[in-house]
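Read the numbers this way: they start at 1 and go in the same order the structure lists the ligands and their atoms.
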Amino acid sequence: MTATPKAWFEETYPDLPLEVVSFLQSRHRVLIGGQWVDSVTQKKFPTFDPATGKVLAEVAEASAEDVDEAVKAARSALEKGPWPTMTPSERGRLIWKLADLVEAHADELAVIESLDNGKPRSVARAVDVPLAVDLFRYMAGWATKIEGNTIPISVPYTPGAEYLAYTVREPVGVCGQIIPWNFPLLMAAWKLGPALACGCTVVLKVAEQTPLSALRLGQLIIEAGFPPGVVNILTGFGETAGAALASHPDVDKVAFTGSTEVGRQIVRAAAGNLKKVTLELGGKSPNVVFADAQLEEAIPAAASAVFFNHGQCCCAGTRLYVERKVFDRVVEGVAEEARKIRLGPGWDPQTQMGPLVSEEQLERVCRYIEEGKEGGARPVVGGKKKEGQGYFVEPTVFVNAQPQMSIVQEEIFGPVVVAIPFEDPSEIPPAANQTIYGLAAGIWTRDISKAHRLARELKAGTVWINCYNIFDAALPFGGYKQSGWGREMGHAVLEEYTELKSVCIRL
Ligand code: NAP
Ligand code: MG
């Protein structure tokens with residue numbers, strides 16, 4: 001008997017849990033109508049380990065035909081079968097059970113996420129997976145609390161008549177959900193949780209760069225006992241599968257997270273049947289440090305505001321506005337934090353920052369860095385890719401940037417921050433609000449009135465004061481301006497997944 005040769009990842013990452021190895025080596029298919037099936041064309045595509053550039057696994061490439069099948073399955077699950085007649089309590093319990101399963105497989109999911117996306121395993125384990133669990137639990141609770149109102153109506157043109165009027169919230173229907181690669185499992189949870197709590201059915205299209213954790217999640221969804229077709233999961237490309245989903249005439253709503261550019265395409269694609277659209281798009285978030293801030297907290301926090309997840313966060317604090325009096329100290333402090341960050345593969349417990357997700361992102365981020373330098377901005381630290389294998393970029397802090405430069409205006413989606421001095425607080429609102437985005441903002445000061453005043457003036461969906469990157473399933477998240485439409489999380493998201501029906505009875 002000959003021993004099976006070890007896969008390269010078993011050699012490279014010798015302590016990979018066995019269940020991860022066998023998952024990676026299994027046949028990856030798409031989930032349609034409760035069944036794992038090959039794509040109609042049988043085509044596959046590779047997903048890479050960004051720390052080495054090597055192929056981790058091949059997954060099915062869904063085409064428009066697969067989207068069609070998945071939408072049919074979701075429609076049928078919405079209208080027939082057990083899902084629409086389940087009680088809210090039963091629905092809530094299923095979501096809760098899924099949360100328990102994700103929690104029980106937290107280590108495994110964190111390793112899969114780290115391998116596919118590049119983020120440190122410890123971060124995936126401490127942040128991505130627990131937040132996904134918490135989101136499912138939070139939304140499980142909402143399933144039994146989606147209520148309408150009774151409304152006293154007067155109807156002046158029917159004098160003397162009496163009415164009883166009330167509203168009910170019904171599931172919006174079949175939801176197409178398209179997610180990015182920066183927090184693959186967590187974005188799946190943000191999308192699936194509220195849709196399921198509201199009684200919708202879903203076709204989820206995951207990002208081509210990071211398909212694996214959602215496929216494992218799909219197995220757990222089946223294990224939890226969701227009826228077939230309630231959740232369908234497709235791996236495939238945006239231009240084909242994603243576009244087919246966004247334009248599908250039998251999809252009632254599309255929810256998208258990703259770039260503002262693709263967000264615009266989603267809106268156009270959705271126009272055919274005027275499906276409901278929610279968008280969580282890019283950002284160029286200002287993080288404002290006043291001289292009276294507690295700098296020993298503000299400095300490391302300003303670094304992590306941008307370097308967390310390698311800068312691949314839509315809400316990353318990429319424009320660091322610092323009051324002139326403390327500018328040098330804060331910039332040097334953030335640069336020092338950057339110097340201390342240990343780059344390496346996500347699998348290494350010492351790693352604090354992994355590689356960017358793909359070669360394409362590496363090139364994109366390096367292009368922005370070059371544009372910054374050519375325009376006269378100066379990197380105090382970083383400013384280049386790390387030599388050797390993998391898609392690593394050094395954490396970078398720019399100074400001397402001009403307001404109209406691409407590094408100040410555009411979403412880089414890498415570990416790059418631009419520090420900009422200001423003299424007077426009145427300069428901040430116009431400067432901070434001058435990009436097309438409005439996702440998040442940070443304020444650091446001990447003056448509570450100043451903080452609230454500025455919070456009111458910032459055009460941002462989330463404002464963090466003396467903290468940054470604080471997320472909770474109960475706290476709505478979304479963008480002003482071109483950062484998006486609608487909100488995720490909190491009870492605000494329930495409106496995005498329900499239709500409001502008014503019922504009026506003449507007594
Ligand atoms: P992207 O193209 O916007 O991708 C996001 C999702 O949309 C992926 O699932 C993608 O599929 C899909 N998609 C792409 N084109 C589509 C289309 N025409 N119709 C329907 N779906 C489509 O993002 P990216 O190219 O991966 O990254 C580019 C930039 O977007 C980043 O550098 C960053 O600035 C921004 N971004 C923002 C976020 C965020 O959280 N706001 C997340 C990721 C990226 P495939 O990946 O399979 O092609
Ligand atoms: Mg990958």
Can Glu394 and Lys384 be counted as an ion pair, charged N to O under 4.0 angstrom?
yes
Return the closest protein heavy atom for atom 42 (C) of ligand 1 as residue, atom name and distance.
Pro180 CB, 3.3 Å
Min N/O separation Ile412 to ligand 1 under 3.5 Å
no
Answer with yes or no whether Gly236 contacts ligand 1, where contact means a heavy atom under 4.0 Å from a ligand atom.
yes
What I want to know is whether Leu281 and ligand 1 share at least one N or O pair that is separated by under 3.5 angstrom.
yes
Do the side-chain N and O atoms of Asp49 and Trp8 include a donor-acceptor pair separated by under 3.5 angstrom?
no
Pair Glu496, Thr278: side-chain N/O donor-acceptor within cut-off below 3.5 Å
no
Gln361, portion touching ligand 1 at heavy-atom distance under 4.0 Å:
side chain
If we set the cut-off at 4.0 Å for heavy atoms, which region of Ser259 has an atom near ligand 1: side chain, backbone, both, or neither?
both
Output yes when Glu370 and Arg367 qualify as a salt bridge under the 4.0 Å nitrogen-oxygen rule, no when they do not.
no
Part of Glu208 with heavy atoms under 4.0 Å of ligand 1, whether side chain, backbone, both or neither:
both
With heavy atoms under 4.0 Å as the rule, classify the contact between Glu360 and ligand 1 as side chain, backbone, both or neither.
neither
Checking side-chain contact (heavy atoms from CB on, under 4.5 Å) for the pair Phe398/Val416: CA distance, chi angles, key distance, verdict?
CA-CA 7 Å; Phe398 271 113; Val416 182; 3.8 Å; yes
Cys314 heavy atoms within 4.0 Å reach ligand 1 at atoms 39 (C), 40 (O), 41 (N)
Using only heavy-atom distances, determine whether the side chains of Lys284 and Ser483 contain a donor-acceptor pair under 3.5 Å.
no
Would you please classify the geometry between the Tyr13 ring and the Trp347 ring as parallel, tilted or perpendicular, with 30° and 60° separating the classes?
tilted
Which ligand 1 atoms are under 4.0 Å away from a heavy-atom of Gln209?
26 (O), 46 (O)
Which segment of Arg364 sits under 4.0 Å of ligand 1 when only heavy atoms are counted:
side chain
Look at Glu113 together with Arg216 and state whether they make a salt bridge at an N to O cut-off of under 4.0 Å.
no
Can you pull out the closest protein heavy atom to atom 17 (C) of ligand 1? Residue, atom name and distance to 0.1 Å, please.
Gly238 O, 3.4 Å
Quick note on ligand 1: atoms under 4.0 Å from a heavy atom of Phe237 include exactly 47 (O)
Within the 6.0 Å centroid threshold, strictly below: Phe48 and Tyr391:
no
Proximal atoms of ligand 1 relative to Ala243 (non-hydrogen, under 4.0 Å)
19 (N), 20 (C)
Pair Arg29, Gln35: side-chain N/O donor-acceptor within cut-off below 3.5 Å
no
Pick from Phe413, Phe256, Tyr437: the one approaching atom 36 (N) of ligand 1 most closely through a non-hydrogen atom:
Phe413
Between Lys253 and Tyr497, is NZ or CZ placed under 6.0 angstrom from the six-membered ring centre and within 45° of the ring axis?
yes
Do any N/O atoms on Lys205 end up under 3.5 angstrom from N/O atoms on ligand 1?
yes
Asp252/Lys275 ion pair, N-O < 4.0 Å
no
Would Phe183 count as a contact residue for ligand 1, given that I'm defining contact as a non-hydrogen atom of the residue lying under 4.0 Å from a ligand atom?
no
The one among Val254, Ile178, Val262, Val206 that brings a heavy atom closest to atom 15 (N) of ligand 1:
Val262
Exercise check, heavy-atom protein proximity under 4.0 Å to atom 3 (O) of ligand 1
yes
